[in-house]
Every structure is written in C-alpha cells, then in structure tokens.
Amino acid sequence: MLQTTNTDSNDDDVSLFDAEEDTARNSRKSKIKHPVASFFHLFFRVSAVLVYLLCELLSSSFIACMVTIILLLSCDFWTVKNITGRLLVGLRWWNQVDEDGNSRWVFESRKLPASLPSDSEARIFWLGLIICPVLWVIFTFTALFSFKIKWLAVVIMGVVLQGANLYGYVRCKVGTRTNLKNMATNYFGTQFLKQVGLRNE
C-alpha cells in the first residue's frame, strides 16, 4: 500500500506510481540499481559547493560564478525533488491546488516490500540530502561574519533550495508534524528512563 500524508484535513490517496511492481523481494540488496540517478543526486549539489569554494580561482567575474551556482542549485532542486527521491528511496512530495483553489502540500512514501530501496542507494540519498544543506548554513555564517555581503544572496539560496528538499523528504519519511513531535517525545522519554535506571543500579 502507498501511504500519503497531507497537511490538510482532507486527505486523499494519491498514486505514486502508475505501474505495479512485477515481483516481490524478500530482502533489501546492497547493490546500486540506479547508478545514473545516484550520480546526479550528488553531482549538482557537490558541483555547486565546489564552484562556491573555488570561484575566485575559476573566474574573476562574480556574476558568472553566481549564475553558475544558482543554476546548479536549481538543477539539483528539480532533480532531487522529482527524480532521485522517487527512484532511490521511494519518496515524493509536491504542492497541488484543489478544485476550490486551496493549495496543499502532499508528502508520499512507498511502503511495498517489493520496492524498498537498497541500503547503498538510501545511504547515498540521505547523506547527500543532509550534509550539503549543513554546508550551506556554514557558508551563510562565514559570509556574514567575514562581511562578504555580496555572497549572502547565493548562500541563502543554497540554504532555501536544499533545505526545502530536506524538509520535504523528512516529512515523507516520518509523517506529519504530530508524528515528529511524538518521535521526539518518545526519544527523550526513553533517554530519561535509561538515566533513571542507571542511577537506581
């Protein structure tokens, strides 16, 4: 079954894939089944980071570097949102407008055992998805404290575009905000009980 999580009260099931799975797998394989998708999942975001770090060596034109970085970030946003998330981990999120003109966000995950992602692909997806936004946050503070004001727009664009994909896929993975709060509550409650148990021993 496909599990769809919406932010609105009117939850409609939305099909993630048109084609049905041919066969079921009993175990998750570690090999990479989508090498091209895995490559481009990292290519655009890593290239944007490298161009930002090496821009002064690559070109003396700030405009050329800025345009190149923004294009790479835009390509990365589209690729991760529409392709690699669906292929590598079976997740997808998007915004749609219903007949009444109301905009709603749809977060969708594929739960069929036959379509579970491989461990290698999932690791590539989540590491790339998490590490790069953290780097752009660091770049933001670096540009701010080093008074490189002209770069603020670029690094903020990196934070926004890559942070949006990170937020969307985390919502797909764990569900609604209520589920996020419940997970945090359960985690801290477990840690508290462990600490109490250690003290009693």
Side-chain angles (χ1 to χ4, degrees), residues 3-7 16 28-55 68-95 105-111 115-145 151-188 190-191:
Q3 177 180 342
T4 304
T5 305
N6 298 328
T7 56
L16 179 58
R28 298 169 63 181
K29 297 181 180 180
S30 60
K31 71 175 185 177
I32 297 177
K33 299 181 300 179
H34 306 95
V36 176
S38 300
F39 171 78
F40 281 104
H41 177 71
L42 298 175
F43 174 75
F44 291 118
R45 54 184 50 217
V46 172
S47 297
V49 171
L50 291 178
V51 171
Y52 176 78
L53 293 174
L54 304 175
C55 60
T68 302
I69 294 171
I70 292 177
L71 285 176
L72 289 170
L73 289 172
S74 300
C75 291
D76 170 74
F77 178 81
W78 185 88
T79 302
V80 174
K81 179 179 178 295
N82 296 294
I83 299 177
T84 62
R86 177 174 59 87
L87 293 178
L88 300 184
V89 291
L91 302 174
R92 193 168 68 170
W93 65 275
W94 72 95
N95 177 268
W105 295 93
V106 181
F107 304 93
E108 190 169 73
S109 61
R110 182 175 55 180
K111 297 297 183 182
S115 56
L116 288 175
S118 69
D119 292 337
S120 298
E121 289 180 337
R123 191 176 298 113
I124 290 172
F125 180 84
W126 289 109
L127 285 177
L129 194 71
I130 293 171
I131 292 175
C132 288
V134 172
L135 291 177
W136 285 108
V137 171
I138 295 173
F139 295 157
T140 301
F141 286 105
T142 302
L144 186 63
F145 292 123
W151 287 104
L152 276 179
V154 177
V155 295
I156 290 175
M157 181 71 71
V159 172
V160 170
L161 290 178
Q162 297 197 350
N165 264 329
L166 176 60
Y167 174 77
Y169 281 114
V170 169
R171 289 289 303 276
C172 290
K173 185 68 175 178
V174 303
T176 61
R177 292 180 181 177
T178 302
N179 292 337
L180 285 171
K181 292 179 181 178
N182 290 338
M183 288 180 62
T185 302
N186 292 336
Y187 172 78
F188 288 115
T190 303
Q191 295 300 317

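Predicted model only: the values in this text are computed from it and were never measured.
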TODO: Evaluate the side chain to side chain contact (heavy atoms under 4.5 Å, CB included) criterion for residues F40 and I83: first the C-alpha distance (whole Å), next the side-chain angles of each, then the deciding distance (0.1 Å), finally the verdict.
DONE: CA-CA 10 Å; F40 281 104; I83 299 177; over 6 Å; no
Open item on the list: Let's go through F43 and T79 carefully: what are the C-alpha distance in whole Å and the side-chain angles of both, what is the deciding distance for side chain to side chain contact (heavy atoms under 4.5 Å, CB included) to 0.1 Å, and is it a yes or a no?
Closed with: CA-CA 10 Å; F43 174 75; T79 302; over 6 Å; no
TODO: Before giving the answer on side chain to side chain contact (heavy atoms under 4.5 Å, CB included), spell out for V154 and F139 the whole-Å C-alpha distance, their side-chain angles and the decisive distance to 0.1 Å.
DONE: CA-CA 10 Å; V154 177; F139 295 157; over 6 Å; no
- [ ] Tell me, with the steps shown, if W126 and K173 meet side chain to side chain contact (heavy atoms under 4.5 Å, CB included).
- [x] CA-CA 11 Å; W126 289 109; K173 185 68 175 178; 4.1 Å; yes
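Taking both residues in full, the closest heavy atoms of T84 and A37 are given as CG2-O, 3.4 Å, listed atom of the first, atom of the second, then distance. Minimum interatomic distance between L88 and S38 (heavy atoms only, all atoms of both residues): CD2-OG, 3.6 Å. Across all non-hydrogen atoms, the minimal contact from Q162 to P133 is OE1-N, 3.5 Å. Considering all non-hydrogen atoms of both residues, L73 and A48 come closest at CD2-CB, 3.9 Å.
A donor-acceptor contact shorter than 3.5 Å links the side chain of E121 to the backbone of H34. A distance-only check finds a donor-acceptor pair linking the side chain of H41 to the backbone of F125 [under 3.5 Å]. Although no hydrogens or angles enter the test, the distance criterion places no donor-acceptor pair under 3.5 Å between the side chain of Y52 and the main chain of W151.
The SG atom of C172 lies 10.0 Å from the CG atom of N165; values are rounded to the nearest 0.5 Å. Annotation: the span from I156 atom CD1 to L152 atom CG amounts to 5.0 Å, rounded to 0.5 Å. Within the model, atoms CG of L135 and OG1 of T140 stand 10.5 Å from one another, a figure rounded to the nearest 0.5 Å. In this structure, D119 CG and I124 CD1 are separated by 11.0 Å, a value rounded to the nearest 0.5 Å. Rounding to the nearest 0.5 angstrom, the gap separating the CZ atom in R171 from the CH2 atom in W93 is 11.0 Å. Residue L129 holds its CG atom at 14.0 Å from OH of Y167, rounded to the nearest 0.5 Å.
Among residues at least two apart or in separate chains, salt bridge (Lys or Arg N to Asp or Glu O under 4.0 Å) pairs with a member in residues 72-85 are R45-D76.
The six-membered or imidazole ring of F44 lies away from that of W78, with a centre-to-centre distance of 6.0 Å or more.
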